[in-house]
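Structure first, commentary second.
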Amino acid sequence: MMKNIETANFDDTGYSYTLSLISGKYKPVILYCLMEYEPVRFNQMRRYLKNVADKTLSQTLKELEADDLILRHEYPQIPPKVEYSLTERGHSLVRVLDQLCDWGNENRRQRLTDT
């Protein structure tokens, strides 16, 4: 059966939904960081991302938390301690991002040997 692009709506696809969860400059990097190093504190994340403003990082973390991809754990102490980790849903998405990483590593190596 041939698909008709005239009646297609990209916004109705799973691909669009997935991209909406990871779109932006920092979301994929934050997810990767948590995949590799969780749990991670705010200042560790800021150093990992290098040139991110505190407000931008805070907003991005809130969006990822609202999408149930990361968990924010606040410890009742002074000074305040907050750690971020992946939720179960976040771990399931990271499996997909891990495949992107594998693809990048394979193709980067191939590109380096081609030049």
Side-chain angles (χ1 to χ4, degrees):
M1 182 174 166
M2 194 141 178
K3 294 182 180 181
N4 183 354
I5 195 166
E6 301 302 324
T7 58
N9 182 357
F10 179 72
D11 292 340
D12 292 337
T13 66
Y15 191 82
S16 172
Y17 177 70
T18 304
L19 288 179
S20 75
L21 295 177
I22 63 170
S23 66
K25 186 173 182 177
Y26 297 108
K27 285 182 181 181
V29 182
I30 290 169
L31 292 169
Y32 178 81
C33 178
L34 291 173
M35 176 182 76
E36 293 292 318
Y37 306 106
E38 73 176 336
V40 177
R41 294 181 68 178
F42 185 89
N43 285 334
Q44 292 172 316
M45 184 75 67
R46 188 167 41 95
R47 283 190 295 275
Y48 186 80
L49 295 172
K50 295 189 177 51
N51 296 322
V52 64
D54 286 355
K55 182 178 178 180
T56 301
L57 178 55
S58 180
Q59 181 60 39
T60 305
L61 289 167
K62 285 177 184 174
E63 290 171 10
L64 289 167
E65 186 180 11
D67 289 332
D68 192 33
L69 296 176
I70 67 171
L71 180 65
R72 181 180 188 271
H73 188 246
E74 188 171 345
Y75 295 89
Q77 66 184 53
I78 296 178
K81 178 181 176 184
V82 177
E83 290 182 337
Y84 295 91
S85 58
L86 293 169
T87 62
E88 206 171 303
R89 186 172 191 229
H91 278 285
S92 70
L93 178 58
V94 163
R95 286 195 295 271
V96 174
L97 297 177
D98 205 23
Q99 291 176 346
L100 288 174
C101 185
D102 291 344
W103 185 91
N105 285 331
E106 290 171 16
N107 284 275
R108 181 179 59 182
R109 278 193 294 270
Q110 182 179 351
R111 178 119 171 119
L112 291 173
T113 58
D114 289 347
T115 56

Residues forming a side-chain hydrogen bond (donor to acceptor under 3.5 Å, both in side chains) with N43, sequence neighbours excluded:
R46
Interatomic distance, CG@L69 vs OG@S85, rounded to 0.5 Å, equals 12.0 Å
With sequence neighbours excluded, give me every salt bridge (charged side-chain N to carboxylate O under 4.0 Å, His left out) pair touching residues 13-22.
none
Interatomic spacing from OG1 in T87 to CG in D67 - rounded to 0.5 Å
10.0 Å
Partners of E74 by side chain to side chain contact (heavy atoms under 4.5 Å, CB included), sequence neighbours excluded?
R72, V82
My understanding is that only residues two or more places apart in sequence, or in another chain, count here; which of them pass salt bridge (Lys or Arg N to Asp or Glu O under 4.0 Å) with K62?
none
Partners passing side chain to side chain contact (heavy atoms under 4.5 Å, CB included) against N9 (at least two apart in sequence or in another chain)
D11, D12
Contact summary for D54 and F42, nearest pair of heavy atoms
O-CZ, 3.8 Å
Decide yes or no on side chain to side chain contact (heavy atoms under 4.5 Å, CB included) for L21 and L64, but give the supporting numbers first.
CA-CA 8 Å; L21 295 177; L64 289 167; over 6 Å; no
Kindly say whether V52 contributes a backbone atom to a donor-acceptor pair with the side chain of T56 at under 3.5 angstrom?
no
Sub-3.5 Å donor-acceptor pair from the side chain of S16 to the main-chain atoms of T13, do we have one?
no
Contacts satisfying ring-ring contact (aromatic ring centres under 6.0 Å, His included) that involve residues 53-80 (not counting sequence neighbours) are H73-Y75
Atom pair CD (E38) and OH (Y84), whose distance is rounded to the nearest 0.5 Å
14.0 Å
Please list, chain by chain and in numerical order, all residues satisfying side chain to side chain contact (heavy atoms under 4.5 Å, CB included) with S20, sequence neighbours excluded.
Y17
Any idea which heavy atoms bring R41 and P80 closest together, and the distance?
NH2-O, 3.9 Å
Between side-chain atoms of residues 94-105 and protein atoms elsewhere (two or more places apart, or another chain), which donor-acceptor pairs fall under 3.5 Å?
residue: N105; atom: OD1; partner: R108; partner atom: NH2; Å: 3.0
residue: N105; atom: ND2; partner: C101; partner atom: O; Å: 3.4

With sequence neighbours excluded, residues passing salt bridge (Lys or Arg N to Asp or Glu O under 4.0 Å) with E65:
none
When you measure from the side chain of N4 to the backbone of E6, do you find a donor-acceptor pair of N or O atoms at a distance under 3.5 Å?
yes
N/O donor-acceptor pairs under 3.5 Å from side chains in residues 23-37, not counting sequence neighbours:
residue: S23; atom: OG; partner: L19; partner atom: O; Å: 3.4
residue: K27; atom: NZ; partner: E63; partner atom: OE1; Å: 3.1

Applying a strict under-4.5 Å side-chain criterion to I, L, V, M, F, W and Y, I'd like to know whether L71 and I22 cluster together.
no
Please report the closest heavy-atom contact between P39 and Q44, naming both atoms and the distance.
O-OE1, 4.4 Å
Is the number of heavy atoms from other residues, nucleotides or ligands within 6.0 Å of CZ (F10) greater than 12?
yes
Do E83 and V40 have side chains that get closer than 4.5 Å, going by heavy atoms?
no
